[in-house]
Undergrad: 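Pasting a structure below so you can have a look.
We're numbering straight along the sequence, starting at 1. Below, each value reflects all heavy atoms present in this structure, side chains not excepted, and no hydrogens, waters or symmetry copies. Keep in mind that this is a model prediction, so the values were computed, not measured. One-based numbering, in listed order, for ligands and for the atoms of each.
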Amino acid sequence: MNLFDSHCHLTAEAFDDDVEPILARARAEGVTELVTIASDLDDAAQALGLARDTDGLWCSAGLHPHEADRFDDSTIPGLRRLAVEPEVVAIGEAGLDFHYDNAPRERQQECFQAQLALAAELDLPIVVHSRDADAETAGLLREATGVRGVLHCFTGGPGLLEAGLDAGWMVSFSGIVSFRRFDGADLVRRVPDDRLLIETDSPYLAPVPVRGRRCEPAHVAWTLARLAEVRDDGVDTLAATTDRNARALFRLS
Ligand SMILES: [Zn+2]
């Protein structure tokens, strides 16, 4: 069984001391492909270095909505320079976070729109983070015709899901689907087979039964098991489906 962790943060400080053993444990669990997602330009450069050195590891280049107040004239040219490298398979993560509001909302929207345009220009998928911003994210997504992407760590409502599916996007679920308070099972079931991805978002959001510990890519197996349960699907089938979908989105053979 091959597993594809479509969203992790291997450059996070929490992994500073042990990326190698973490990758080894991931492989032991069957995680053959991973995309490490960047939050800013320095992070993207670091992620690229790691991806170059690691089989089966790819990366993104983008500016997270939490960092959107750092968006300026140099951001897009800097991302473009990184994004032309073959290991960079996506733009992001980008999007809107009106829960934490770490940056002014107008800045977040400007930063997100610029990255949507960059993704279109480079014909790369965009990895989108949306929290408490369903309507605004859905609006920008509907305007951004010709952009492929994924709604990562999906916790939104039916309106955002619909906008994503209408646009032909993928929807990715994290360990949150295993939490007791998770109430989005009907939305999980609404995602067609060919649009579904899985992710850890590690080091955050460790799934049950490892909840509360540092999350790592090997834990994607628990998320897969829970998703299979919710969708009444076989684990092996769902592993193959999500692996195929991630390869299609990121254009890996
Ligand atoms: Zn993330």
Undergrad: From His129, does some N, O or S atom reach closer than 2.8 Å to the Zn ion (ligand 1)?
TA: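 So His129 does not bind the Zn ion (ligand 1) by this criterion.
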Undergrad: Angle at the Zn ion (ligand 1): provide the value between OD1 of Asp201 and NE2 of His7, rounding to 10 degrees.
TA: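 Between OD1 of Asp201 and NE2 of His7, at the Zn ion (ligand 1), the angle is about 90°.
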Undergrad: Do Phe173 and Leu224 share a hydrophobic cluster, counting only Ile, Leu, Val, Met, Phe, Trp and Tyr and linking them when any side-chain heavy atoms are less than 4.5 Å apart?
TA: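 As far as the 4.5 Å side-chain criterion goes, Leu224 and Phe173 are connected within one cluster.
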Undergrad: Would you say His64 reaches the Zn ion (ligand 1) with an N/O/S atom under 2.8 Å?
TA: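 Of the N, O and S atoms in His64, none lies under 2.8 Å from the Zn ion (ligand 1), which means no.
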Undergrad: With a cut-off of 2.8 Å, does any N, O or S atom of Glu93 fall short of it relative to the Zn ion (ligand 1)?
TA: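 Yes.
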Undergrad: Enumerate the ring pair (Phe, Tyr, Trp, His ring centres under 6.0 Å) contacts for residues 218-243, please, sequence neighbours excluded, ordered by first and then second residue.
TA: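 Found none.
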Undergrad: What's the spacing between His9 NE2 and Thr200 OG1 if we round to 0.5 Å?
TA: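 One gets 8.0 Å once the value is rounded to the nearest 0.5 Å.
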Undergrad: First locate atom CD of Glu162, then atom CG of Asp134, and finally report the distance between them rounded to the nearest 0.5 Å.
TA: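 One gets 12.0 Å once the value is rounded to the nearest 0.5 Å.
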